Colleague: 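Below are the structure tokens for one structure; questions will follow.
Values below: every heavy atom of this structure, side chains too, minus hydrogens, waters and symmetry copies. For clarity, every value in this text was computed on a predicted model and none was experimentally measured. Residue numbers begin at 1 in each chain, while the letters A, B, ... track the order of the sequences.
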Amino acid sequence: GAVVSQHPSRVICKSGTSVKIECRSLDFQATTMFWYRQFPKQSLMLMATSNEGSKATYEQGVEKDKFLINHASLTLSTLTVTSAHPEDSSFYICSAGTASPNYGYTFGSGTRLTVV
Amino acid sequence: AQSVTQPDIHITVSEGASLELRCNYSYGATPYLFWYVQSPGQGLQLLLKYFSGDTLVQGIKGFEAEFKRSQSSFNLRKPSVHWSDAAEYFCAVGQAAGNKLTFGGGTRVLVKP
């Protein structure tokens with residue numbers, strides 16, 4: 001149980017275009033979704049927290065207009081990187097959470113974004 | 001604010017030898033503690049977690065961790081390492097169920113034949 005699916009696993013896009021990443025909780029309803037970013041050989045840094053049906057809360061230093069997060073249902077959250085630039089190239093990972101300690105804390109398989 | 005420190009950036013261990021990865025946390029209340037493993041280019045796999053109760057926690061792949069409140073530590077151990085255990089290991093702390101996690105810097109484990 002507590003499976004989180006993330007797509008795509010890899011994406012290459014041209015500078016200036018937008019890319020959408022999906023995160024789905026497959027066997028439970030996630031009241032909260034978390035989006036992390038990981039640079040090579042570094043740890044995970046939380047970008048934003050989204051609750052179903054409400055606006056996402058962004059961490060300090062994260063541009064909310066560049067990283068658009070939508071959490072329209074209890075099983076799906078999307079991260080859209082708008083007007084991507086090479087410095088946005090990174091590994092993006094999502095996680096889903098609930099109020100129960102028996103669920104959540106499971107991560108998606110990550111998306112490797114390369115902006116050329 | 002909560003924080004996590006993993007003092008060892010790299011650890012090299014011989015196959016079959018024991019492994020211990022250190023994790024120290026800073027948090028005012030009883031934390032939710034986690035260990036994850038990440039292979040190159042992959043997502044994170046949850047090894048084990050501690051919320052309350054028995055301070056010695058058993059996880060998957062033969063790993064265990066012990067919560068020591070007096071030392072603010074949650075060290076991960078494995079009695080006998082396999083070559084497939086070579087990966088990056090992350091300790092994380094959370095405030096409550098469903099809440100965000102703060103990660104340590106990670107420890108890269110190399111396994112010698």
Colleague: So which part of A:Thr31 gets closer than 4.5 Å to some heavy atom of chain B, the side chain, the backbone, both or neither?
Modeller: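 A:Thr31 has no heavy atom closer than 4.5 Å to chain B.
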Colleague: With only heavy atoms counted, which part of B:Glu88 is less than 4.5 Å from chain A, the side chain, the backbone, both or neither?
Modeller: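 Neither part; nothing is under 4.5 Å.
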Colleague: Using a cut-off of under 4.5 Å for heavy-atom pairs, which of A:Val4, A:Thr49, A:Leu44, A:Thr32 has the most such pairs with chain B?
Modeller: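 Option with the top pair count is A:Leu44.
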Colleague: So, for B:Phe51 and B:Tyr32, is the gap between ring centers shorter than 6.0 Å?
Modeller: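 Under 6.0 Å, so yes.
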Colleague: To the nearest 0.5 Å, what is the distance between CZ (B:Arg77) and CZ (B:Phe63)?
Modeller: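 It is 12.5 Å, given to the nearest 0.5 Å.
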Colleague: What residue in B:Gln42, B:Lys100, B:Arg108, B:Gln45 has the most heavy-atom pairs under 4.5 Å with chain A?
Modeller: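 Heavy-atom pairs under 4.5 Å are most numerous for B:Lys100.
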Colleague: Can you confirm if the aromatic rings of A:Tyr105 and B:Phe34 lie within a centre distance of less than 6.0 Å?
Modeller: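 They qualify: ring centres under 6.0 Å apart.
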Colleague: Are A:Phe107 and B:Phe103 an aromatic pair, judged by ring center distance below 6.0 Å?
Modeller: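 Yes, ring centres under 6.0 Å apart.
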Colleague: I'd like a table of donor-acceptor pairs (distance under 3.5 Å, sequence neighbours excluded) in which one partner is a side-chain atom from residues 69-76 of chain A, with atom names and distances.
Modeller:
| from | atom 1 | to | atom 2 | distance (Å) |
| --- | --- | --- | --- | --- |
| A:Asn70 | OD1 | A:Ala72 | N | 3.1 |
| A:His71 | ND1 | A:Ser50 | O | 3.1 |
| A:His71 | ND1 | A:Ser50 | OG | 3.0 |
| A:His71 | ND1 | A:Glu52 | N | 3.4 |
| A:His71 | NE2 | A:Ala30 | O | 3.4 |
| A:His71 | NE2 | A:Ser73 | O | 3.1 |
| A:Ser73 | OG | A:Thr75 | N | 3.3 |
| A:Ser73 | OG | A:Thr75 | OG1 | 3.4 |
| A:Ser73 | OG | A:Leu76 | N | 3.2 |

Colleague: To the nearest 0.5 Å, tell me how far A:Lys41 NZ sits from B:Ile9 CD1.
Modeller: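 It comes to 12.0 Å.
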Colleague: So which of B:Gly41, B:Pro40, B:Gly43 has the biggest tally of heavy-atom pairs under 4.5 Å with chain A?
Modeller: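 The residue among B:Gly41, B:Pro40, B:Gly43 with the greatest pair count is B:Gly43.
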Colleague: Between A:Gln38 and chain B, with a heavy-atom cut-off of 4.5 Å, which part of the residue counts as in contact: side chain, backbone, both or neither?
Modeller: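 The side chain, not the backbone.
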Colleague: Answer with side chain, backbone, both or neither: which region of A:Leu46 has an atom nearer than 4.5 Å to a non-hydrogen atom of chain B?
Modeller: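 Looking at A:Leu46, just its side chain touches chain B.
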